[in-house]
Protein chains: 4
Amino acid sequence: MMNPPDPSRRKRETHQAILDAAWAALEAEGWDALTVDRIAARAGVGKQTVYRWWRDKADVVFEAFLDQARAQVPPSRARDLPDLLRENARNFVRLYAGTPLGARLRELLGVAQRDPRLAEAMREHWFLPRRDSLRRALLDAQDNQLIRSDVDADTILDLLFGPLHYRLLTGHAPVDRRFADSVTALTLAAIAREAV
Amino acid sequence: MMNPPDPSRRKRETHQAILDAAWAALEAEGWDALTVDRIAARAGVGKQTVYRWWRDKADVVFEAFLDQARAQVPPSRARDLPDLLRENARNFVRLYAGTPLGARLRELLGVAQRDPRLAEAMREHWFLPRRDSLRRALLDAQDNQLIRSDVDADTILDLLFGPLHYRLLTGHAPVDRRFADSVTALTLAAIAREAV
Amino acid sequence: MMNPPDPSRRKRETHQAILDAAWAALEAEGWDALTVDRIAARAGVGKQTVYRWWRDKADVVFEAFLDQARAQVPPSRARDLPDLLRENARNFVRLYAGTPLGARLRELLGVAQRDPRLAEAMREHWFLPRRDSLRRALLDAQDNQLIRSDVDADTILDLLFGPLHYRLLTGHAPVDRRFADSVTALTLAAIAREAV
Amino acid sequence: MMNPPDPSRRKRETHQAILDAAWAALEAEGWDALTVDRIAARAGVGKQTVYRWWRDKADVVFEAFLDQARAQVPPSRARDLPDLLRENARNFVRLYAGTPLGARLRELLGVAQRDPRLAEAMREHWFLPRRDSLRRALLDAQDNQLIRSDVDADTILDLLFGPLHYRLLTGHAPVDRRFADSVTALTLAAIAREAV
DNA sequence: CCGTAAGCGAGACGGTACGTCCCGTCTTGAG
DNA sequence: CTCAAGACGGGACGTACCGTCTCGCTTACGG
C-alpha cells in the first residue's frame with residue numbers, strides 16, 4: 001500500500017523536530033501521556049510524517065531517547081580494569097538514578113517486555129554498544145591473567161550491570177554511589193585470580 | 001461517589017472466578033490482548049465487579065499471577081548457604097525462563113515501570129517475600145562468620161538476583177542453568193571470607 | 001421468584017419517605033439525574049424496599065408526582081360551561097407552565113412514549129380523571145342544547161386540552177393566560193349552537 | 001481537547017451510512033434497544049465518527065428521522081383553506097398514527113422533554129417548517145376576510161395540530177381520519193367569520 | 001413469651017450503554 | 001508532489017445505572 005519512503009528526501013529539520021518534540025513531551029509528561037498526535041502537533045508535522053519514518057510510538061521514542069542519551073556520555077578516564085568498572089557503575093548511577101533519562105530508560109525497557117521489536121532495538125542500539133568496550137577490557141584482562149579466565153566475560157558484565165538495573169527496575173533499595181561501589185568491589189572480588 | 005466496598009461481603013467464588021479467568025486469558029493471549037471486558041465475560045461477571053475490587057487490569061493480573069505462582073514454589077532441600085543460593089538461582093531459571101509464568105513476570109515488571117502502584121505491589125508481595133528467607137540465611141552466615149560481614153545482605157541478594165533478572169528482561173543472552181550456576185559461584189566467591 | 005408483598009405490613013412512613021425523597025430529588029435535579037439508588041439513599045431505605053412496592057423508577061416517580069399534584073387542585077368556582085372551560089385552561093397554565101410540576105409532567109409524558117405501562121398509568125390516573133368532570137359538564141350542556149350535540153365530548157376536550165399540551169411539549173410559543181383564554185374562546189365558538 | 005471538525009472533509013457516504021443504519025436499527029428495534037455502538041457497527045463505522053458529527057444518540061436519530069420523513073410528504077392538492085387544513089390533518093393521521101414514523105416521532109418528542117437541545121432542533125427543523133406554509137395560508141385568508149382576523153394564526157394552528165398530537169402522545173382515544181375531520185371541522189367553525 | 005417469617009437497610013452482583021481516548025491508516029487541499 | 005491537518009475504522013477504557021440477589025437485623029404475630 002505504502003511505498004518505502006526515500007530516505008534521501010527526508011527533511012533533516014523535520015526529523016530532528018519530531019525527535020525534539022517527542023523528547024520534550026516525554027520529559028514533561030511521561031510515556032503514558034505521550035501520544036503520536038501530540039508529538040506531531042508539537043513538532044508542527046503531520047501524523048503521517050511520523051509514521052512514514054518510524055513504525056510506531058515506541059520506535060520514535062526510543063530514537064528520541066538515544067538522541068538525548070548520546071550527549072550524556074562523558075569520556076572515560078579509567079586507567080585499569082577496576083577503575084573502568086567503577087567508572088561505569090558510577091556513571092550508571094549518575095545518569096539514570098533519579099533522572100528523567102533513567103525514568104525513560106525504565107519505561108522503555110518496560111514497554112520492550114511486550115514489544116519484541118523494541119526489545120531487539122534496545123539490545124542492539126543500547127545494551128550491546130555499552131557492553132562492548134567493557135567486554136573488550138575484560139577479555140584483555142583475562143588474556144593478561146589479571147582476572148580469572150574461567151568465567152565468561154558476558155557473565156561478568158551481568159554481574160556488574162545486573163544488580164544496577166535490577167534495583168533501578170524494582171526500586172526495592174536506593175541506586176546510589178555507595179551501591180555502585182559495593183557492586184564493583186564484589187564483582188572484582190568475584191573475578192580476582194585465585195590466591196595461589 | 002463510590003464508597004469503598006465491604007470485603008466481608010465479597011463473594012468468594014466470584015473472586016476466584018475472576019482470578020482464574022484473568023490467568024486463563026493471560027496465558028492464552030498475553031497481556032496486550034487481555035481486556036477487562038474479556039476477563040469479566042469469561043468469569044461470567046459484571047465489569048463493575050472487577051473494578052470494585054481491583055483498580056485496573058494490572059491489579060487483577062498481578063493478583064492472578066501471585067495466585068498462580070503460589071502453587072509453584074517447591075520446598076527447599078538446601079542444607080547450607082551455597083546450596084540455598086544455587087537452589088534459588090536454579091529455581092528462578094526453571095520457573096521463569098521460557099515459561100508462561102516468566103513471560104508474565106516480565107510483562108508485569110514492564111508495566112510496573114509506568115505504574116507506581118503496581119511497582120509497589122510487586123515489591124511488597126513478590127520481591128521482598130522472596131528475598132526475606134534468603135536474607136535471613138545470609139545474616140545467619142554472617143553471624144557465624146561463614147561469609148564476609150562487611151557487605152550488606154541486600155547487596156548480596158542483588159548480586160545473585162540482579163544478573164538473572166537483567167538477562168530475563170534484556171534477553172541479550174540465555175537464562176539457563178549454566179548461567180544460574182555461574183552467577184551463584186561468582187556470588188559465593190565475592191562473599192567468601194577473605195583468606196586470613 | 002418474589003412473593004407479592006403484603007401491603008398490610010408496609011411501613012407507612014417508609015412509603016411516604018420514598019415518595020418525598022423521589023420528589024425532592026426530582027425537583028432538585030430532574031428526571032435524568034434521578035436514580036433509584038439516590039432515592040433510596042435519600043429516604044434512608046434499602047433499594048429493594050423501593051423495588052418491592054414499585055415496578056421501576058417511572059412507577060415511583062409518577063406516584064410521587066401524583067402525590068404532589070394532588071395538593072394543588074383548587075376548588076372550582078365555575079358556574080357555567082364557559083366559566084368551567086376557562087377555569088380549567090387557566091389552571092393548566094398556572095400549574096404547569098414554567099413550574100417544576102409542569103417540567104415533571106413533560107418529562108413523565110416523555111418517558112411514557114417509550115414505556116407503555118407508564119403511559120397506561122398516566123391515562124388512568126392523570127388524564128382521564130381530569131377529563132371526567134369536564135366531560136360530564138359537556139354532556140349536560142349537550143343535553144340541554146346549550147352547545148352542539150353532533151360532536152363527541154371527547155373531541156371537544158381534545159380541542160381544549162390539545163393545544164395547551166401541544167405548546168407545553170413543543171415549546172414553540174408561550175403557554176400563558178392569554179393563550180388559555182384564546183383556546184377557550186375558540187373552543188366555545190366551535191361548539192356554539194349553529195345560528196338558527 | 002477536541003477541535004470542532006471540519007464539515008467540508010466529512011465523508012458523504014459515511015454520513016448517509018450512519019443515518020441509514022440508525023433508521024434501520026430504529027425501525028427494527030425501537031429507541032430503547034438502539035445503541036450508538038450498534039449504529040456504528042451496522043454502518044461499518046467507528047463509534048468516534050458518530051460522536052464527531054452528532055452530539056449523542058438523540059441527535060443522530062432525529063436527523064435519521066428527518067431524512068426518512070422528507071421522502072414521505074405528498075404534494076398538496078388543496079385548493080382552498082378548508083381543503084388545506086383537512087389535507088394536513090389527514091396526512092398527519094396517515095403518516096403518524098400507527099406507523100413506525102409516528103412511533104419515532106412520539107419517542108423523539110418524548111426524549112425532547114428531557115433534552116433541550118433536541119427540543120430546539122425539533123422545533124426548528126420539524127414543527128416550524130410544517131407550520132409555516134399553513135400559517136401563510138391562514139394569514140392570506142385573514143387578509144381576504146375569509147376567516148376571523150382577531151385570532152393569532154399560530155393559535156389557530158395549535159387548535160388544529162394540538163388535538164392531533166395530544167391524542168398521539170396520550171393515546172386516550174384513536175387518532176383516525178374521523179378524528180382528523182372532526183378537528184378540522186371544529187377549527188373551521190371556530191374561525192369562521194362571525195355572521196354579520 | 002418466644003420462634004419464625006416478613007419487612008427492612010445495606011450494598012454486592014450480572015449486565016449493558018455510555019462517551020472518551022488513542023492507535024495506525026487513509027484522504028484532502030494548500031503551497 | 002509534498003506534507004500539515006485531520007477524518008476514518010477499530011477497539012479498550014472506566015463510569016453510571018438498572019433491576020436482582022444476598023446478608024443480618026428488627027419487628028410483629030401466632031402458637
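A note on names: the letters A, B, ... follow the listed sequences, proteins ahead of strands, and every chain is numbered from 1. Computation of the quantities below employed the complete heavy-atom set of this structure, encompassing side-chain atoms and omitting hydrogens, waters and symmetry-equivalent molecules.
Between Arg123(B) and Glu120(B) there is a salt bridge, since at least one side-chain N of the basic residue sits less than 4.0 Å from a carboxylate O of the acidic one.
Within a 6.0 Å radius of CZ in Arg117(D), other residues, nucleotides and ligands contribute more than 12 heavy atoms.
Looking at Asp32(C) and Glu107(C), their side chains never come closer than 4.5 Å, going by heavy atoms from C-beta outward. Between Gln113(A) and Leu109(B) there is no side-chain heavy-atom pair separated by less than 4.5 Å.
When heavy atoms are screened at a 4.0 angstrom cut-off, Trp53(D) is found touching the sugar-phosphate backbone but no base atom. Among the protein residues, Thr14(D) comes within range of the sugar-phosphate backbone only, with heavy atoms under 4.0 Å from sugar or phosphate atoms but none that close to a base.
Taking every side-chain heavy atom of Gln48(C) into account, dG11(E) is the closest of dC26(E), dG11(E), dT20(E).
Inspection of the Thr35(D) and Asp37(D) side chains reveals no N or O donor paired with an N or O acceptor under 3.5 Å.
Proximity of Arg52(D) to the phosphate of dC8(F): a side-chain N or O atom is located under 4.0 Å from OP1 or OP2. Distances shown here put a side-chain N or O of Thr49(A) below 4.0 Å from the OP1 or OP2 atom of dA4(F).
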Could you list all N or O pairs between the protein and nucleotides 26-28 of chain F that sit under 3.5 Å apart?
none

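For the contact set between residues 31-45 of chain B and DNA chain E, defined by any heavy atom under 4.0 Å, the members are Gly44(B), Val45(B). For DNA chain F, the neighbouring residues in residues 55-66 of chain C, judged by any heavy atom under 4.0 Å, are Asp56(C), Lys57(C).
The salt bridge (charged side-chain N to carboxylate O under 4.0 Å, His left out) test applied to Arg9(B) returns no partner, not counting sequence neighbours. Remark: Glu27(C) pairs with no residue by the salt bridge (charged side-chain N to carboxylate O under 4.0 Å, His left out) rule, at least two apart or across chains. Under the salt bridge (charged side-chain N to carboxylate O under 4.0 Å, His left out) criterion, Glu124(D) pairs with no residue at all, not counting sequence neighbours.
Of the two residues contacting DNA chain E, namely Lys47(D) and Arg12(B), the nearest-nucleotide position lying further toward the 5' end is that of Arg12(B).
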